[in-house]
Amino acid sequence: MPAPKPQSRLLQDALPARLESLLEALTGRHLADQLERVHRAAAVAIDRLGHLSIAKYEPTSVEVDGGAALSLWETMAPAIDDTLVGVNQLVSAVHQEFPPPTRPAGLGDGGWAPPPASSDERLAQEVEAVLHAIADRLARRVAELGQQMRRPEVVSDRWTLMAELQAFRADFRVRIGDLVVLTASAFADVRREEVVPGYAHQVGSRGAERVLTEAVETAGARQGRSAPFDAFLRKARQEAGDGLEEAGARELLGRFRERLAALPFS
């Protein structure tokens with residue numbers, strides 16, 4: 001029986017008060033309107049890329065080997081699609097508001113361009129260059145995510161897929177936050193927490209570390225079925241609580257996966 005589809009909710013495009021006041025103070029209203037639309041697209045993307053709970057993607061029964069990979073992909077596909085859509089829509093918004101410059105035929109990178117007519121125009125050019133650079137990096141990371149999602153060792157394993165997806169989503173949030181901070185700081189001294197939408201609700205931990213932490217919490221419901229597993233779970237909790245680098249978290253996550261695979265479902 002397919003799992004019920006979660007109810008959709010409105011994505012949040014609200015901007016922090018400091019960012020709104022900064023945009024309102026800009027003398028160039030056309031630029032301010034362009035930036036507001038990009039920043040609201042960034043807010044929606046950050047909201048889309050909010051933390052995933054592994055509990056909703058955890059199997060509730062033993063999966064037959066032949067259908068495990070397909071079942072996993074069908075379960076995770078909406079989260080993967082939401083990740084790609086969120087980032088791609090922001091990249092499209094940047095290109096719509098600030099179209100990439102077209103270089104005349106025969107004009108190389110060293111071609112002459114007229115200097116900005118004013119300090120405002122210079123700032124606008126700098127902001128536009130930042131937006132294009134970050135949008136290009138985001139687009140490359142989307143392509144890298146697509147490549148990762150085609151690797152058999154990733155898409156066939158629930159924990160590896162969750163760790164990879166969480167890591168990409170966290171990286172996208174940081175890069176989108178950079179976009180907001182760098183464009184805002186061109187006009188005023190700002191702190192990240194003042195201008196990045198949803199900053200107070202963002203999760204700072206890395207992908208594998210967060211998946212491991214939630215895996216340990218979720219596995220608590222299976223205590224008492226196996227003494228060796230209980231001992232391993234106590235050790236895993238201690239290691240996760242002490243803090244792990246990304247490589248260490250991934251290694252412990254691999255051992256955790258093996259222990260869970262040997263534990264029968266009820």
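The model shown is predicted, which means the values in this text are computed figures rather than measured ones. Worth knowing before you read on, the calculation uses all heavy atoms, side chains too, and leaves out hydrogens, waters and symmetry mates.
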Next on the checklist: Give me the atom names and distance for the closest heavy-atom approach of A32 to L23.
Outcome noted: CB-O, 3.5 Å

Checklist entry - Just checking, any donor-acceptor pair under 3.5 angstrom between side chains of R150 and Q147? => result no

Next on the checklist: Whether E24 and R29 form a salt bridge (side-chain N of Lys/Arg under 4.0 Å from carboxylate O of Asp/Glu) is what I want to check.
Outcome noted: no

Item to check | From CZ (R173) to OH (Y199), nearest 0.5 Å | outcome: 12.0 Å

Checklist outcome for this item: What one should report as the nearest heavy-atom pair of A139 and V91 is N-CG2, 4.4 Å

Checklist entry - Rounded to the nearest 0.5 Å, what separation is found between the CE atom of M76 and the CG atom of L161? => result 4.5 Å

Checklist entry - Should R48 and V85 count as side-chain neighbours, where that means a heavy-atom distance under 4.5 Å? => result yes

Item to check | Results of salt bridge (charged side-chain N to carboxylate O under 4.0 Å, His left out) for E128 - residues two or more places apart only | outcome: none

Next on the checklist: Could you tell me if the side chain of D33 sits less than 4.5 Å from the side chain of E97, heavy atoms only?
Outcome noted: no

Next on the checklist: Could you tell me if the side chain of L35 sits less than 4.5 Å from the side chain of L26, heavy atoms only?
Outcome noted: yes

Checklist outcome for this item: Separation between CE (M149) and CZ (R151), nearest 0.5 Å, reads 9.0 Å

Item to check | Heavy-atom side-chain contact between F187 and V127 under 4.5 Å | outcome: yes

Next on the checklist: So, taking the atom named CZ in R141 and the one named CG in L145, what distance separates them when rounded to the nearest 0.5 Å?
Outcome noted: 8.0 Å

Checklist entry - What's the verdict on side-chain contact (heavy atoms from CB on, under 4.5 Å) for T83 and L165, showing C-alpha distance, side-chain angles and the deciding distance? => result CA-CA 9 Å; T83 302; L165 186 57; 3.8 Å; yes

Checklist entry - Can you tell me how far CD of Q34 sits from CG of L131, rounded to the nearest 0.5 angstrom? => result 9.5 Å

Next on the checklist: Looking at A43, is its backbone amide N or carbonyl O close enough to the side chain of D13 to form a donor-acceptor pair, meaning the two atoms are under 3.5 Å apart?
Outcome noted: no

Next on the checklist: Just to verify, what does D178 make a salt bridge (charged side-chain N to carboxylate O under 4.0 Å, His left out) with, not counting sequence neighbours?
Outcome noted: R192

Item to check | Residue pair R18 / A188: nearest heavy atoms and the distance that separates them | outcome: NH2-CB, 3.8 Å

Checklist entry - Is any side-chain heavy atom of F168 less than 4.5 Å from a side-chain heavy atom of L49? => result no

Checklist entry - So does E144 pair up with R140, basic N to acidic O under 4.0 Å? => result no

Checklist entry - How close do A45 and G86 get, heavy atom to heavy atom, and via which atoms? => result CB-O, 3.6 Å

Checklist outcome for this item: In short, L31 meets A124 closest at the heavy-atom pair CD2-CB, 3.8 Å

Item to check | For A133, side-chain contact (heavy atoms from CB on, under 4.5 Å) partners two or more places apart | outcome: R137

Checklist entry - Are side-chain heavy atoms of L15 and E36 found at a separation under 4.5 Å? => result yes

Checklist entry - Is any side-chain heavy atom of L19 less than 4.5 Å from a side-chain heavy atom of V196? => result no

Next on the checklist: Within the structure provided, determine whether P16 and E194 are in side-chain contact (heavy-atom separation under 4.5 Å).
Outcome noted: no

Item to check | Backbone N/O of L84 and side chain of N88: donor-acceptor pair under 3.5 Å | outcome: yes

Checklist entry - What's the shortest heavy-atom distance between T183 and L179, and which atoms? => result OG1-O, 2.7 Å

Checklist entry - Can R122 and Q125 be said to form a side chain to side chain donor-acceptor pair (under 3.5 Å), step by step? => result CA-CA 5 Å; R122 177 181 58 79; Q125 290 179 1; over 6 Å; no

Item to check | Separation of L90 CG from I176 CD1 (nearest 0.5 Å) | outcome: 5.0 Å

